[in-house]
Every structure is written in C-alpha cells, then in structure tokens.
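Heavy atoms only: backbone and side chains are in, while hydrogens, waters and symmetry mates are out. Both counts, for ligands and for their atoms, begin at 1 and track the order of listing. This chain uses plain numbering: 1 for the first residue, then up along the sequence. Please read these numbers as outputs of a predicted model, since none were measured by experiment.
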Amino acid sequence: MSETLEIKPLTERIGAEVFGVDLTKPLSNSHVQQIHDALMAHCVIFFRDQAINHEQHETLGRHFGQLALHSGVSGIEGHPYIVKIHGDADSKHVAGERWHSDLSCDEEPPMGSILALHTVPEVGGDTLWTNMYSAYDALSPRMKVYLEGLTAEHNGEIIYRPITKEPNRVFPISNHPVVRVHPVTKRKCLFVNRQYVTKINELSRQESAAILDFLFDHCEEERYQCRFRWKPNSIAFWDNRCTMHQAVWDYFPKTRSGYRVTIAGDKPIAA
Ligand code: SIN
C-alpha cells in the first residue's frame with residue numbers, strides 16, 4: 001500500500017473514491033489523516049473491495065472520534081455501536097428512504113457515518129448524497145440573512161415510534177440552527193431535512209411549512225448531488241454535518257444488506 005492515497009472525485013461538488021488503502025489492516029497515521037482530509041474536502045468518500053468484520057468496522061470509526069449509540073434502534077448482538085441496514089422480500093420499509101442527515105434529532109447529532117454493504121442487488125439500491133454547503137452558497141443574500149438565527153425542531157419520535165418494538169423507549173427531539181457552521185471547515189451550511197424536521201420554531205405554522213418546502217426542494221436539487229453504485233464490500237463514509245443522503249429502495253424483493261457505525265458529533269453551532 002502506497003503512503004499517498006489516490007482520491008478520485010465523483011462530481012465537482014461532492015463525493016470521491018479513495019484507492020490505495022486496505023481497511024482490514026491497521027491504518028497508519030498518515031492514511032487516517034488523508035482519509036479525514038478527503039472527507040472534509042468531498043463530504044462523502046467511498047472505498048471498494050473492503051471485506052471488513054465488525055471489529056475492523058468499529059476500529060475504522062474510532063480513528064475519527066468516539067462511536068455513538070443509535071438513539072432510534074438497537075445495535076446488533078455483541079456490538080451495540082453497529083446497526084444493521086437491511087432490505088429484502090419481507091421488508092415493509094428500509095432505513096433512509098427520505099432525505100436526511102443521520103439522527104439529526106439527537107442533541108449532539110453524529111459527525112459521520114460509515115456504511116459497509118456486503119450484499120447488494122445486481123442493479124438498484126444506490127445511495128444519493130447532497131452537499132449542504134453548496135445548497136447554502138446558492139441561496140440569495142436576502143434569503144441567507146432571513147434564515148440566520150432561525151432554529152428547527154428535529155423530531156425522532158415521529159420516525160422511531162411507529163417502528164419500535166420498545167414501547168417505553170423515548171426518542172430525542174432537539175432544536176438546531178437552520179444554518180450551522182461546520183466545526184472543522186468553518187463553512188456555513190444548511191441543516192434541515194425532510195425526515196426529521198417538523199417546523200421552524202420562530203415562524204407561524206404556514207410560514208414554517210412554506211420555508212421548509214422551499215428549503216427541502218432546494219437542497220435536494222441534482223446539481224448538489226452524487227449517486228453511488230454499490231458493489232459487494234463497498235464502504236461509504238459521510239460527514240453528517242454538511243450532507244444529507246437518501247437510500248433508493250428500488251430493488252424490492254431483492255436483498256441489500258450491511259452494517260453501519262456512527263461517529264459522535266457535537267451540538268451544531270449557529271451561523
Ligand atoms: C442510512 O444510513 O440512512 C442508510 C443508507 C443506505 O442504506 O444507503
């Protein structure tokens with residue numbers, strides 16, 4: 001393995017494939033730094049042919065922060081930080097079908113997520129990511145001024161209550177700035193998403209609904225996106241602070257399966 005990784009962008013704005021590293025082996029400090037830099041530059045990065053086991057998956061995540069427990073669903077047996085991502089002929093829904101940033105309902109939403117899929121359909125099952133810096137940058141100066149200082153409610157109850165098998169579990173509901181500053185890059189980005197956000201707190205119901213409709217449509221425009229075609233043992237590592245993603249469930253009744261870890265983040269800082 002060469003010390004310098006090869007980073008090939010997928011689009012001008014978001015996404016890059018990383019070559020020259022074996023994630024089943026211990027990572028050098030230089031490789032950890034290059035992976036981190038690639039993530040900051042491209043917001044989501046991809047690796048091919050990485051048949052990692054659960055321990056290697058956790059170790060990979062821990063290079064970039066503490067692992068976070070999923071606040072909506074339980075981890076797998078023996079590995080509380082790993083959640084299963086699975087769809088097959090018996091599925092009634094799959095994770096992440098609507099545009100979202102993972103667990104934005106948490107008080108301190110995760111910094112990143114690492115998804116490794118071992119089984120994928122021959123066609124379909126792609127994942128899309130969108131760049132929330134670009135979505136913010138493209139707003140008019142007047143709209144940027146209007147949004148600064150507003151906060152949105154991110155509600156985990158509405159997502160996890162209908163699917164939980166744990167009736168006593170409480171799911172987080174948190175308020176976060178609509179425009180946040182990324183703690184590493186210091187760039188401003190939008191932080192709202194169709195899955196968790198129910199309202200903008202400082203606006204009337206009608207105004208909130210209209211502004212959110214506009215922002216969701218705007219952030220989901222194709223020009224800010226990349227689309228990843230999975231193969232068995234592909235890995236995606238994304239920054240939840242400046243992206244949203246959507247898993248396309250177009251492969252029913254085929255099987256798509258793997259595991260995800262999330263890396264702890266901090267409380268979003270308002271612009
Ligand atoms: C998710 O983490 O939201 C699921 C993404 C995917 O299955 O592609």
I'd like to check which ligand 1 atoms, numbered from 1 as shown, lie under 4.0 Å from a non-hydrogen atom of A247.
5 (C), 6 (C), 7 (O), 8 (O)
Report the nearest protein non-hydrogen atom to atom 4 (C) of ligand 1: residue, atom name, distance rounded to 0.1 Å.
A95 O, 3.9 Å
Between H176 and H154, how do the two ring planes meet: parallel, tilted or perpendicular, split at 30° and 60°?
perpendicular
Suppose I only count heavy atoms of H245 and a 4.0 Å limit; which atoms of ligand 1 are within that range?
1 (C), 2 (O), 3 (O)
Report the member of L115, L103, D102 with the shortest heavy-atom distance to atom 5 (C) of ligand 1.
L115
Aromatic contact between W99 and H245, with the criterion being ring centroids under 6.0 Å apart: yes or no?
no
Under a 4.0 angstrom heavy-atom cut-off, which atoms of ligand 1 come close to H100?
3 (O)
Between Y81 and H70, is the ring centre distance below 6.0 Å?
no
Got V18 and R48 here, is their nearest side-chain heavy-atom distance under 4.5 Å?
no
Student check: side-chain heavy atoms of F237 and L115 closer than 4.5 Å
no
Looking at every non-hydrogen atom in both residues, tell me the closest pair between R180 and P177 and how far apart they are.
CB-CG, 4.4 Å
Looking only at the aromatic ring of each residue, does the gap between the centers of H79 and Y259 stay below 6.0 angstrom?
no
SB check D102 R260 (cutoff 4.0 Å):
yes
G96 heavy atoms, cut-off 4.0 Å: which ligand 1 atoms fall inside?
3 (O)
For atom 7 (O) of ligand 1, closest protein heavy-atom neighbour
R256 NH1, 2.8 Å
W238 heavy atoms, cut-off 4.0 Å: which ligand 1 atoms fall inside?
2 (O)
Answer with yes or no whether Q246 contacts ligand 1, where contact means a heavy atom under 4.0 Å from a ligand atom.
no
A student checking ligand 1 against I85 at a 4.0 Å heavy-atom cut-off should list atoms 7 (O)
If you measure every N or O of R260 against every N or O of ligand 1, does any of those distances drop under 3.5 Å?
yes
Ligand 1 atoms in contact with T127 (distance to a heavy atom under 4.0 Å)
6 (C), 8 (O)
